[in-house]
Amino acid sequence: MLVAEWIEQVRAWRGHVTGSVGFVPTMGYLHAGHLELVRRARHENDAEAVSIFVNPLQFGPGEDFARYPRDLECDLRLLQDERVDLVFAPEVVEIYPPGFSTVVDVGSIGQRLEGASRPGHFRGVATVVTKLFMVVQPHRAYFGWKDAQQVAVIRKLVADLAIPVEIVAVPTVREEDGLAYSSRNIYLSPEERRAAPALYAALTHARVLWQEGERDAERLRQAVYARLAEEPLIRVDYVSVADAGTMEELAVADRPAVLSLAAWLGTTRLIDAVLLGAE
Ligand code: PAF
């Protein structure tokens with residue numbers, strides 16, 4: 001496994017690879033959800049690259065950039081065990097050298113939901129992912145459905161900019177009690193961790209209603225709110241039923257949709273999502 005810190009090292013590696021390249025961009029502190037992406041990429045491609053980069057551009061002022069968990073040594077061990085070919089783990093200055101000023105902004109799809117709660121977040125995601133795609137030049141790139149809006153944003157950016165990368169969205173990996181794996185779960189106190197499975201339980205409850213034929217999106221949202229109201233440690237940011245392609249809020253959930261939420265447990269903000277008829 002080659003561990004590269006510099007763009008030139010990645011380009012040199014890429015120049016020698018024959019066959020398809022699968023790519024998993026991450027911010028490190030890898031968990032079972034990341035490893036699922038890594039395995040899928042391994043299975044579907046001849047060579048595999050993973051990036052580890054905590055991207056300052058996608059964190060707002062007052063967010064958790066400085067305290068975001070990092071453990072490069074452990075990440076590298078896990079990726080070695082998965083037989084990854086290349087890990088790109090640059091310093092901030094390699095991605096954003098002095099004078100860097102170009103950004104990628106996907107417009108309204110990135111301004112709703114997470115984009116509304118975290119202004120500039122998707123500009124940061126789109127900018128770094130575009131740069132990583134230019135450096136690694138993968139055939140396929142892998143993202144988790146938990147970040148459903150991120151999937152939609154990245155699909156939009158590769159379509160708009162004609163970047164020849166297939167975006168593969170992979171089902172969310174969950175702990176036994178339903179909590180989606182996230183690097184931020186580490187922040188939860190024991191009480192908050194006990195309350196956190198209510199997030200997925202609320203989504204599942206509304207999805208069952210949808211499976212039983214409920215198509216009124218507001219009733220589905222209200223069903224999620226009502227379940228979450230039973231858990232005093234949870235403070236809801238938003239609940240959304242949105243078109244899976246555009247992330248526009250729906251009045252009627254009669255097409256592939258994403259049912260998603262963001263909520264605070266203490267000082268930790270978690271997101272989760274399930275699909276309603278979307279692949
Ligand atoms: O999902 C993430 O971990 C990040 O948003 C990503 C895609 C690696 C970009 O920094």
Side-chain angles (χ1 to χ4, degrees), residues 4 7 10 22-38 40-41 48-60 63-72 75 78-79 84 86-96 100 102-106 109-110 113-115 117-136 138 140-158 161 163 165-173 180-187 247 258 260 262 268-273:
I7 290 171
V10 181
F23 177 44
V24 182
T26 80
M27 297 207 298
Y29 210 70
L30 303 179
H31 52 64
H34 294 115
L35 296 182
E36 184 71 15
L37 305 180
V38 167
R40 180 84 182 263
E48 184 178 10
V50 174
S51 63
I52 297 176
F53 180 64
V54 185
N55 173 32
L57 219 61
Q58 69 188 75
F59 291 79
E63 289 190 11
D64 57 345
F65 173 68
R67 70 170 185 138
Y68 193 84
R70 294 159 168 90
D71 190 345
L72 184 59
D75 290 345
L78 291 168
L79 295 175
V84 166
L86 172 99
V87 178
F88 180 38
E91 296 290 337
V92 171
V93 69
E94 180 68 354
I95 299 297
Y96 303 121
F100 183 97
T102 303
V103 294
V104 178
D105 191 327
V106 291
I109 191 173
L113 302 171
E114 283 305 284
S117 293
R118 305 179 66 191
H121 171 66
F122 283 119
R123 195 179 311 120
V125 170
T127 301
V128 80
V129 168
T130 303
K131 183 151 187 177
L132 291 169
F133 283 176
M134 305 312 266
V135 172
V136 177
R140 300 187 186 88
Y142 295 79
F143 298 87
W145 268 127
K146 177 174 79 69
D147 301 298
Q149 189 178 8
Q150 175 166 276
V151 170
V153 162
I154 289 165
R155 286 194 163 142
K156 177 92 173 99
L157 94 83
V158 298
L161 299 180
I163 301 177
V165 182
E166 182 190 339
I167 303 305
V168 182
V170 177
T172 305
V173 182
Y181 278 99
S182 161
S183 304
R184 290 189 168 99
N185 292 350
I186 184 102
Y187 300 149
M247 296 309 290
V258 174
S260 64
T268 305
R269 187 171 178 281
L270 297 180
I271 60 173
D272 202 351

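This structure is a prediction, so every number in the text was calculated from the model and none was measured. Note that ligands are numbered from 1 as they come in the structure, with each ligand's atoms numbered from 1 the same way.
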>> Ignoring hydrogens, what is the shortest heavy-atom contact between Val24 and Ala41? Give both atom names and the distance.
In response: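 Looking at all heavy atoms of both residues, the closest pair is CG2-CB, 3.9 Å.
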
> Considering all heavy atoms of both residues, which atom of Tyr142 and which atom of Leu37 are nearest to each other, and what is their separation?
Replying inline: O-CD1, 3.8 Å

Contacting atoms of ligand 1, where contact means under 4.0 angstrom from a heavy atom of [X]:
X	result
Val128	9 (C), 10 (O)
Gln150	1 (O), 2 (C), 4 (C), 5 (O), 7 (C)
Gln58	4 (C), 5 (O), 9 (C), 10 (O)

> Which residue owns the protein heavy atom closest to atom 3 (O) of ligand 1, what's the atom, and how far is it?
Replying inline: Met27 CG, 3.6 Å

> Quick one: salt bridge (Lys or Arg N to Asp or Glu O under 4.0 Å) partners of Arg269, sequence neighbours excluded?
Replying inline: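 For Arg269, the residues satisfying salt bridge (Lys or Arg N to Asp or Glu O under 4.0 Å) (neighbours in sequence not counted) are Glu114, Asp237.
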
> Does a sphere of radius 6.0 Å around NZ in Lys156 hold more than 12 heavy atoms from other residues, nucleotides or ligands, not counting ones at 6.0 Å or beyond?
Replying inline: no

